[in-house]
There are 2 protein chains.
Amino acid sequence: MISRDSILHRPKSNFAYGYDEETLHIRIRTKIGDVDKVTLRIGDPYIWTKGGADGGNLEASDGSGWSGVNVEMTKEVTTEYHDYWFASFKPSHKRSRYAFILESSEERLLVGERRMITLTKDNTWVLSDLSNFFCFPYLNKKDVHTIPDWVKDTVWYQIFPDRFENGDKSIDPKGVEPWGSRPKHHNFNGGDLQGIINRLDYLKDMGFNGIYLCPIFEARTNHRYDTVDYMTIDKGLGDKAKFKELVEKAHEKGIKIMLDAVFNHMGSESPIWLDVVKNNEKSKYSDWFHINKFPVYDKPYDELDGRYLNYETFGRVKSMPKVNTENPEVIEYFMEVGKYWIEEFNIDAWRIDVANEVDHHFWRRFRDEVKSVKEDVFLLGEVWHDAGAWLQGDQFDAVMNYPLTDAMKQYFCTRTINKSEFIHAVNQVKVSYSLQVTEHNFNLLDSHDTSRLLTTASQDIDRIKLSYFFMMTQLGSPCVYYGSEIPMTGKHGGGLEDHRKCMTFDHIGSDMHTFMTDIIKMRHEHEEFKLYDNKWLDHDSLLIFKKGDLHVVINPTQEKQTLELDKSYLSYFDKNQVKDSMTIPPMGYCLLK
Amino acid sequence: MISRDSILHRPKSNFAYGYDEETLHIRIRTKIGDVDKVTLRIGDPYIWTKGGADGGNLEASDGSGWSGVNVEMTKEVTTEYHDYWFASFKPSHKRSRYAFILESSEERLLVGERRMITLTKDNTWVLSDLSNFFCFPYLNKKDVHTIPDWVKDTVWYQIFPDRFENGDKSIDPKGVEPWGSRPKHHNFNGGDLQGIINRLDYLKDMGFNGIYLCPIFEARTNHRYDTVDYMTIDKGLGDKAKFKELVEKAHEKGIKIMLDAVFNHMGSESPIWLDVVKNNEKSKYSDWFHINKFPVYDKPYDELDGRYLNYETFGRVKSMPKVNTENPEVIEYFMEVGKYWIEEFNIDAWRIDVANEVDHHFWRRFRDEVKSVKEDVFLLGEVWHDAGAWLQGDQFDAVMNYPLTDAMKQYFCTRTINKSEFIHAVNQVKVSYSLQVTEHNFNLLDSHDTSRLLTTASQDIDRIKLSYFFMMTQLGSPCVYYGSEIPMTGKHGGGLEDHRKCMTFDHIGSDMHTFMTDIIKMRHEHEEFKLYDNKWLDHDSLLIFKKGDLHVVINPTQEKQTLELDKSYLSYFDKNQVKDSMTIPPMGYCLLK
């Protein structure tokens, strides 16, 4: 008997969605190893050769009179407990009803929305009993999640502006500390926009074609997530003319610019918040935040304890009062902010901070507004967990793909999961979303919010190389945190800020810098990496998978491993012909075709 | 071992949602009979007594330092293959991270978002490893699905206007046929708004307090789903003054009015469509529809075949061209229509025709617009299948609950499912949605789109009585199709329109009329029917369940059945004390407390 209780399908989700205005994608989940074959039975509810609503013009495939067809599904991936099956289909008139036929050696089972029925020769009518079929009512173009094409060709470089390069000492913040001094919560090192402009060629030469900039608007801290004015560049970083210059020069070099949208909360020194602090209920901004009790401050600011506040905050951080994004005035204000930096400065993307704590309504409106001024602007949400609720096409284009991050770190760097756990985790992330999301999702190994990868890997450079190499072979758009090419170390937490250290540029031509440049070049040269499938091949110790005609081979062990070759491969890194077998050195990797 | 592969939970769905701005509802699905106890482990990610982001002020429950608490879940319902478990929780600061602890005699299993882990004494740290927890990031008020309270107190009466009562012969459509003549696709019988006004007391006396009116705007057919003018009352029904009178008089009697919003398609005689037919590409309305090729009509209208058209339609019906609801002009037009009838006539609800074939974007906007002019307007979608995608709070308030309809018909009327299949089906519908949806969902047994219940029940009046009796005991808002109180027969399909016959009023005081009046009275008198739980009790033949202190007893068999009573019950229908046991006659039913 096929296990009924494991089967999962739900229309209008990652299990059934429009991929484009003509194509439906359908998935179903079954218990691992339980089913040999799955067939999608699908068609238009109104097209019948006999009977049915209005007659029909297509031949029925089962003699029932319904025009539905059978499409064999492919086994998409396997996760720890499940197999996933996939098919795509182009409905003739946008409407679809469908069911699944699951086959094992013991049984053929029809899976419909209301019932699962064992198929026998006496009940073939259930193959056309549309009242038990799933429904994808109409493939409306507007509901299709459309994501800017350029994203999948982008390799991002994330910059924490205060720590990248000081290009203009004349605008250094007061009390700036020497470049390279140990980062603290509240010190400044003087990195600025001119510094980034200075290094555009450096980034271009490495192959980066997108920059994700942590906040640059006026703020009080070095991280600038405590915005004071959303319409001003922080004067420690430069001014609007300088930012315009940065965007223009970046664009000339084919580099996209993504800014950080911190709309969940404001900084406690923003004039808007200060007006509420001063005037309390009487402030015209009193409803711009979540204030549980007036006065807002029941003691001097310095004495306030984040755990006991009269207002809601990000986390329990008193300097970050949470914004009331349900207030129509607030909505209008942020819509203008969102459009202003696109219209006036031609930025390419917004990365959305603490995206999941703001209401969905706000993001739906935001998407509509910013896409109305630049159709191919990219919206990236900061969501660390399963983000399906934000990725249905009405809110974000993609999210920071931390579940994949964790799998890569655990397999390559900390060795806390084994190969099959790794493969299952990689697969699980993919089936959690539509194909278009996975094609554009934002893959990363570390960020300003995590320890640096080298620290996670206990300083083992080989391990981080395998991680980056693997990430570059995966569809999505990969991001490298500034300094990873040195590579930098840095622990997050424990009161330290070592993951946000000052960048240096004396490593050019070093082993890691060359490695990073090579793998970015490799990524840009191979369309195969944009394929969905990792065709995982068996090997006791090596991680091997096919992307199209390419073979990706990774040896995550400390021993050399032998790879028996059943035909001639051509190594990507050294172009020698190899025969019979090849040896992959400890912590080695290569690309074969 | 607990069956991992059957377990299902996904945040921001029917498995985890805000019930109100303070309360989170959490569900998890397990394999039927597999688990004895489930505990929800939940808390704020930022509140720790030691460690954590910013310290904390609550005591940890497991010594880890995290402030999460354990909440025992109740077994909500059982479906054919699964048990569902439920808990509600009020997060202290709107943020929640959570996992589940499943217990069987063999194992305690922690279910997190990324991994399931058997709990041992050595790994209690996983109870606070929030990186593996599910996330409900923030309980934003705006995202909570709020549904007008009055709906759950409403018992609806559905009227097909041409066939209810002819109250004004002076406005009869040309060629009107005699009242009671056999319904055809294209004849008129002259029912009108005055006829409905005439019968408001009749409806009030029976206990109805809501009228769902099939379309009343100008159209060409008797069903009027082929709208000609959305801003005009069809002159065969009356005029705006008459409609205003109807709404006002209904409101005086405590009766709500729901109109039918047919925005998926227009009628082929609407001036807008005719302009496109006439001017083709040059029409200012050419993008108001889905036209694949001009000319719109490639032959005279009468010769057009619904299967081969140059334009998309509802179904394959040439007289119903599908509207392009992605066109901004179209959107503005229908938003005005939606608001006009509320603002000018004070209607209470829109029933939305073919709701699932229009894009979600359109309905989100529609909800915002109509709720902005009348906050407690009710939005009911016509969706026959699993409607989760429309019931997240951003689109409809409820749907026509056809999956429940089918279960009731199959159990009580056609006897094609047995008691346990029925109970499982009833339960399945409920766990498919949030509690607030189920509390307000639109329950029905037949409609203008189905055969009449009595025909489905092969003329067996006892069977339809059991169906109505059961429906009245369920939460949601029940609807009775006009004429069911006679009761009428009528088959849908096969070229006939017998399910839309002319109403008569010579049955007042008859057995069925009295029955219907009684059970509506019963529904209004007992708040218990608004409870979620049907506590199903064991009995070989009877269907028995508790709603609060009430016992609902139904005998769907042709034999009398004995119910052993372990205490004294009071019959609702006859107030005699009964002892020891009671006999339920064939097809009998009663309410005990």
Side-chain angles (χ1 to χ4, degrees), chain A residues 3-6 8 10-13 31-32 45-47 53-57 80-82 93-95 113-116 131 133-135 137-138 140-143 306-308 312 315-317 325-326 354 356-362 364 368 383-386 388-389 392 394 403 406 425 428, chain B residues 3-6 8 10-13 31-32 45-47 53-57 80-82 93-95 113-116 131 133-135 137-138 140-143 306-308 312 315-317 325-326 354 356-362 364 368 383-386 388-389 392 394 403 406 425 428:
Chain A
S3 291
R4 270 78 168 155
D5 50 287
S6 318
L8 184 62
R10 196 161 197 189
K12 300 259 179 174
S13 74
K31 182 172 180 172
I32 190 166
Y46 294 109
I47 304 183
D54 274 84
N57 63 340
E80 192 168 0
Y81 306 112
H82 300 108
H93 285 74
K94 310 267 188 191
R95 289 177 285 257
E113 183 176 84
R114 306 223 183 139
R115 289 176 305 283
M116 304 192 202
S131 72
F133 274 38
F134 293 98
C135 179
Y138 204 88
N140 285 292
K141 185 178 171 191
K142 187 87 187 180
D143 291 330
R307 296 172 297 174
Y308 312 103
E312 299 294 325
R316 313 186 87 193
V317 183
T325 48
E326 302 183 8
V354 199
N356 60 354
E357 298 196 11
V358 173
D359 60 282
H360 297 281
H361 201 265
F362 182 90
R364 289 190 183 111
D368 283 350
V383 181
W384 290 56
H385 48 86
D386 175 22
Q392 300 303 305
D394 54 330
D406 288 352
Q428 185 65 60
Chain B
S3 291
R4 270 77 168 157
D5 50 286
S6 318
L8 183 62
R10 197 162 196 188
K12 299 257 179 178
S13 73
K31 182 173 180 171
I32 189 167
Y46 295 110
I47 303 182
D54 274 86
N57 63 341
E80 191 168 0
Y81 307 113
H82 300 108
H93 286 73
K94 309 264 187 195
R95 288 177 286 258
E113 182 176 86
R114 307 222 182 139
R115 288 177 305 283
M116 304 191 203
S131 72
F133 273 39
F134 293 98
C135 180
Y138 204 88
N140 285 292
K141 184 177 169 189
K142 188 90 187 178
D143 292 329
R307 295 173 297 174
Y308 312 103
E312 299 294 327
R316 313 186 87 194
V317 182
T325 48
E326 302 184 8
V354 199
N356 61 353
E357 297 196 12
V358 172
D359 60 282
H360 298 282
H361 201 265
F362 182 90
R364 289 189 184 110
D368 284 350
V383 181
W384 289 56
H385 47 85
D386 175 23
Q392 299 303 305
D394 55 329
D406 288 353
Q428 185 64 59

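By convention in this document, chain letters (A, B, ...) are assigned in the order of the sequence lines, proteins followed by strands, and residues within each chain are numbered from 1. Not measured: the values here are computed from a predicted model.
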Of all heavy-atom pairs between B:Gly388 and A:Arg10, which one has the smallest distance, and what is that distance? CA-NH2, 3.9 Å
Does any part of the side chain of B:Met116, heavy atoms only, come nearer than 4.5 Å to the side chain of A:Glu80, both counted from C-beta? no
Under 4.5 Å heavy-atom distance to chain A, tell me which part of B:Lys94 shows up: side chain, backbone, both or neither. neither
For the pair B:Asp5 (side chain) and A:Ser6 (backbone), establish whether a donor and an acceptor sit closer than 3.5 Å, ignoring hydrogens and angles. no
In terms of heavy-atom proximity below 4.5 Å to chain B, should A:Glu357 be classed as side chain, backbone, both, or neither? both
Chain A shares the most heavy-atom pairs under 4.5 Å, among B:His385, B:Glu326, B:Lys12, with B:Glu326
Portion of B:Val354 that has a non-hydrogen atom of chain A nearer than 4.5 angstrom: neither
Mind listing the closest non-hydrogen atom pair of B:Ser3 and B:Lys31 along with its distance? OG-CD, 3.4 Å
Do we see a donor-acceptor contact under 3.5 Å between the side chains of A:Asp368 and B:His361? yes
May I ask you to name which of A:Val358, A:Asp386, A:Asp394 has the most heavy-atom pairs under 4.5 Å with chain B? A:Asp386
Could you tell me which of B:Ser13, B:Ser131, B:Pro137 has the largest number of non-hydrogen atom pairs under 4.5 Å with chain A? B:Pro137
If you tally heavy-atom pairs under 4.5 Å between each of B:Gln392, B:Glu312, B:Arg364 and chain A, the highest tally belongs to B:Arg364
So, the part of B:Ile32 with a heavy atom under 4.5 Å from chain A: the answer is neither
Determine whether a donor-acceptor pair (N or O, by modelled atom type, separation under 3.5 Å) exists between the side chain of B:Arg95 and the backbone of A:Gly315. yes
